[in-house]
2 protein chains.
Amino acid sequence: MDMRKLVGRNLARLRQAQKLTQEELAMRSGFSQQYLSDVERGLKNPTIITLYEIALALSVSHVALVEPDGMAEETAPQPKRRRAAGTGRIK
Amino acid sequence: MDMRKLVGRNLARLRQAQKLTQEELAMRSGFSQQYLSDVERGLKNPTIITLYEIALALSVSHVALVEPDGMAEETAPQPKRRRAAGTGRIK
DNA sequence: AGTCGTTACATATTATAGTTGATAAACTTG
DNA sequence: CAAGTTTATCAACTATAATATGTAACGACT
């Protein structure tokens, strides 16, 4: 299950349904057209606040952006989050 | 509408409903107890992948973590996303 | 073919998400 | 009440999300 792809598909579908271009949504949301393009193509892992603000600009519920859309899932696994970082404290 | 607080409330409620400690959820999810504590208290702005992985560890749908929970919204506005960054290119 | 509108691609930078370890504070239990 | 358990808090670090800018590629239309 790839959340980036799911959210991307939902976003693209909802935007197109409203006959909006990415540029128009960009202006409404304050995100750049280039960023929205990446999100729609599943290349970005947005935060929940970003999700909400995009939904707001689209006048839809943020839930609509994360709901399963009935598309067949690919066999590729969900991209994982970041790996291990610093020790958190100077030893 | 503060997404961080909403997700935090949903997470805490669902976790407690399953009688899980943050430590146990931490072990199941691979996130640290400290991080989950921050998320539950609305102090973190997780990405959609993080959202999904927490939901997976809780054996609930990720949608359950973002659904409105009927709590009265505070008058404080949604925290905004990040501000302007670099110029993107050496001029 | 040329033009226009739209989307995709590239790059460098900054802000912040997520990690880690330590530990204080709060809560629960016997 | 003391001890054990759970959650909250702090701080420093690394990885990455988001920004800004430029522009290539694509599709539609004349």
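Just so you know, these numbers come straight off a predicted model, no measurement behind them. Every chain is numbered from 1 and lettered A, B, ... according to where its sequence line falls, protein lines coming before strand lines.
- Between B:T50 and the phosphate of C:dA17, there is no side-chain N or O to OP1/OP2 separation shorter than 4.0 Å.
- Straight-line distance from the CG atom of A:L36 to the P atom of C:dA8: 11 Å, rounded to whole Å.
- For the residue pair B:Q22/B:Q33, the side-chain donor-acceptor check at 3.5 Å is satisfied.
- A heavy atom closer than 4.0 Å to some atom of DNA chain C occurs in B:F31, B:S32, B:Q34, these being the qualifying members of residues 15-34 of chain B.
- Note on residues 12-34 of chain A: pairs passing ring-ring contact (aromatic ring centres under 6.0 Å, His included), not counting sequence neighbours, are A:F31-A:Y35.
- Between A:L43 atom CG and C:dA10 atom C1' there is a gap of 12 Å when expressed in whole angstrom units.
- Here B:S37 does not reach the OP1 or OP2 of D:dT7: none of its side-chain N or O atoms lies under 4.0 Å away.
- Atom CD1 in B:I48 sits roughly 16 Å away from atom C1' in C:dG18 (whole-Å rounding).
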Check residues 11-20 of chain B and write down every donor-acceptor pair under 3.5 Å in which the side-chain atom is one partner and the other belongs to a residue at least two apart or another chain.
unit_1, atom_1, unit_2, atom_2, d
B:R13, NH1, B:N10, OD1, 2.9
B:R15, NE, B:E40, OE2, 2.6
B:R15, NH1, B:L20, O, 2.7
B:R15, NH2, B:E40, OE1, 3.0
B:R15, NH2, B:E40, OE2, 3.4
B:Q18, NE2, B:L58, O, 2.8

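- Between B:Y35 and C:dG18 there is a side-chain polar atom (N or O) within less than 4.0 angstrom of OP1 or OP2.
- Here the C1' atom of nucleotide D:dA17 and the CD1 atom of A:I54 are 12 Å apart, to the nearest Å.
- Spacing between atom CG of B:N45 and atom P of D:dT16 amounts to 17 Å, rounded to whole angstrom units.
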